[in-house]
Amino acid sequence: MTTITRVSTAKKRPNITAHVFLVALIIYFLLPLWWLFVASTKDPQGLFTGTGGALWFDKNFNLLANIQELITYKGGIYFRWLGNSALYSLLGGVGATILAVLAGYGFAKFPFKGRDFSFAILLGSVMVPLTALVIPTFMLMSQLHLTNTIWAVILPSLLSPFGVYLMRVYAADAVPDELLDAARVDGSGELRTFLTVALPLMRPAVVTVLLLSVVGTWNNYFLPLAVLSDQNLYPVTVGLGGWQALAASNNGGGTSLYTLIVVGSLISIIPLVIAFLSLQKYWQGGLSLGALK
Amino acid sequence: MTNPAAVLRAPSRRRNLRRPWIGWLFIAPFGVIFLVFLVAPLVYAFYLSLFSKGLATGTIFSGAGNYVKAFTDPEFLSGIWFVIRFAVILIPIQMAVSLAAALVLDALTTRLSRFARLAIFVPYAIPAVVGTLMWGFLYSPTFGPLTDLFKVVNQSAPEILSSGNIFGGLLNIVVWQWAGYYMIIIYAALRGIDPSIYEAARIDGAGPRQIAFRIKVPMISSAMALILVFALIGTLQFFTEPQVLRPISNGSITSSFTPNIYAFDLAFRFSQFNYASTISFSLGIVVFIAVYIFLFASRKRRGGLS
């Protein structure tokens, strides 16, 4: 019924200003990506003094050669970084989601003593700036000799108070108490009730929290920068940031490093962009979970 | 929790109350991580901040000494001042862009609007490091289009990374990175409004503009409040973007540019871990206070959050 009224008003007045506004937004938000793609096809010379300017292709199309160089540069360390990013964000993201789902369900469906108090603490912790924890976490980990291991990145990534909050809000509405009771009356244990009755109902929120925590870990920079010093353990964000600093510090000598940074940046954004485009119908509704309450 | 089947629920309530540990069992795995990676670092940072380390004196207990030092340290204060100024200017711009985009997208159902929704959101899926690298190249007089662009009007391109322009340069990067995420939250909240309200307003003679500003915006105020809190927390702990731009900024991004950069440099460049902990902890306190002031103010104005 909404669509009918919407379409009819749109037909009455084809809104030109609105569409011009949208086109301007599209250009603004896609411009850096267009630049990145174009720049990835240039050789080092073309990147500086290309024939077509910064926003158009050079006469030489060098994309494949650039990728080739990326594969061989320092024994393919870039792809090692990419693999590390995938490992950290999968383990960290999946782990954080599992913890958040369990805790959110526990908060939503079990009226135990101390629940309101612990949930209030959880809500308060959403306001704690997580980056302020990075340096203390580093020092704590170095006491335990955990710095410079993959666990130094993965374990702190499991912390997602906001994920717990989202799961609680969602589970409270989406999982009816009667259904849980019916399962219990039928003799189902608590864990089985959770896995077979509650979990399927919570799926949209699970996908959202998973996406948010995978993206959070994949994009993280401060934590791995602080806790890792072995280049072989870097995620792609820290690796690219390091190349950038290197390229800037020896201006002339770093010329060819710039093409690696550009093509490396392009490749590094492909997995998540694809994930978002293909999971559209989940996150578009899910991201607003917290806002609707 | 309005529930018609309250009768059915009653027995299980009693049963669960008799076995309170089941609820705790579900929460325990998260609870452990919460204690180890949130509570413990906070406590440890606070503990470390009570000591100071000197070459001659070794590590000595200094009580609130580090905090007195921090809150009179011009470098820390200038960092705090920078992130507060940045938040005050950034957040209204970001809200305006994401609200305007969401309102337009909500009113249209064309192919262009569906494409625009994705295009605006895409930067959220891109790491802040990569987003900053791209804009860094675009700002650069050698790599970017600015030199060519300004040549057309016979002007030399502005140095966006110079100390006078870096504020705007960073502003643009953050708006670009986050506006889409906020837009999606607002957009979804708009979609959640019962459309019969618009119908009623139209019958009363309200135009599309009035519907947008008198009905839609007030009805999504809790989504807006959530975004504001996110943006505030995110901005005060500003780190990645200035840190990545730093090597190419020719010194306009200093080692105390933001509190987090200052803490990072104190820890990893100068090995002043006690003072770095103090800075981290103080930043946490500042964020906490800022968020609470905001929540308090918005509660007063709107008579209750959510």
Side-chain angles (χ1 to χ4, degrees), chain A residues 2 6 18-19 21-22 25-26 29-30 32 35-36 48 53-55 99 102-103 105-106 110-113 125 127-129 131-133 135-137 139-140 156 158-159 164 177-178 181 184 190 219 221-222 237 240-241 244-245 248-249 265 268-269 272-273 276 285 287-288 290-293, chain B residues 5 8-9 12 16 20 22-24 26-27 29-30 33 37-38 40-41 44-45 101 104 108-109 112 116 119-120 123 125-130 133-134 138 142 144-145 148 184-185 188-189 192 195 223 226 233 237 239-240 244 247-248 260 263 267 273 276-277 280 283-284 287-288 291 306:
Chain A
T2 6
R6 282 216 169 99
H19 279 98
F21 176 64
L22 286 186
L25 285 179
I26 292 171
F29 283 98
L30 293 186
W35 174 85
L36 186 67
F48 282 99
L55 296 174
L99 297 185
L102 287 171
Y105 175 72
F110 294 90
F112 54 86
K113 216 176 155 196
S125 74
M127 319 279 166
V128 174
T131 59
L133 296 173
I135 288 165
T137 304
M139 285 184 280
L140 210 58
L158 297 178
L159 179 72
V164 177
D177 289 328
E178 306 85 75
D181 287 335
R184 284 172 192 141
E190 288 297 341
N219 293 355
Y221 175 68
F222 196 3
T237 49
L240 287 175
Q244 158 88 340
S249 65
S265 296
S268 77
I269 65 175
L272 279 200
V273 169
F276 267 101
L287 287 185
S288 61
L292 294 177
K293 280 286 129 182
Chain B
L8 262 174
R9 206 177 51 188
S12 95
N16 280 330
I22 291 181
W24 282 114
F26 276 99
I27 292 162
F30 174 79
I33 293 293
F37 292 105
L38 195 130
Y44 191 54
V104 169
L108 296 174
T109 43
L112 182 78
I120 297 169
I126 292 168
V129 171
V130 174
L133 285 177
M134 287 193 288
L138 284 168
T142 37
D148 290 345
I184 287 286
I185 293 179
L226 180 89
I233 299 174
Q237 44 180 335
F239 177 78
T240 302
V244 171
I248 56 169
N260 256 336
F273 289 103
S277 297
S280 283
L283 173 66
V287 172
F288 224 80
V291 171
S306 70

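The basis for the numbers below is simple: all heavy atoms, side chains too, and nothing from hydrogens, waters or symmetry mates.
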Quiz item: Measuring heavy-atom distances to chain A, does B:A267 have an atom under 4.5 Å in its side chain, in its backbone, in both, or in neither?
Solution: side chain

Quiz prompt | Inter-residue atom distance B:F37.CZ - A:L158.CG, 0.5 Å rounding | solution = 7.5 Å

Quiz item: Got A:L133 and B:S280 here, is their nearest side-chain heavy-atom distance under 4.5 Å?
Solution: no

Quiz prompt | Value rounded to 0.5 Å, distance of CZ in A:F112 from CD1 in B:I27 | solution = 3.0 Å

Quiz item: Roughly how far apart are B:T240 OG1 and A:N219 CG, rounded to 0.5 Å?
Solution: 9.0 Å

Quiz item: Atom CG of B:L283 and atom OG1 of A:T131: how far apart are they, to the nearest 0.5 Å?
Solution: 6.0 Å

Quiz prompt | Proximal component of B:V291, with respect to chain A [non-hydrogen, under 4.5 Å] | solution = side chain

Quiz prompt | Per-residue contact mode, B:P29 against chain A (heavy atom under 4.5 angstrom) | solution = both

Self-check item: Side chain, backbone, both or neither of B:F273 within contact of chain A (heavy atoms, under 4.5 Å)
Solution: both

Quiz item: For B:L38, is it the side chain, the backbone, both or neither that has a heavy atom under 4.5 Å from a heavy atom of chain A?
Solution: both

Quiz item: Non-hydrogen atoms of chain A under 4.5 Å away: do they reach the side chain of B:L138, the backbone, both or neither?
Solution: side chain

Quiz prompt | Engaged part of A:F21 at the chain B interface, taking heavy atoms whose separation is under 4.5 Å | solution = side chain

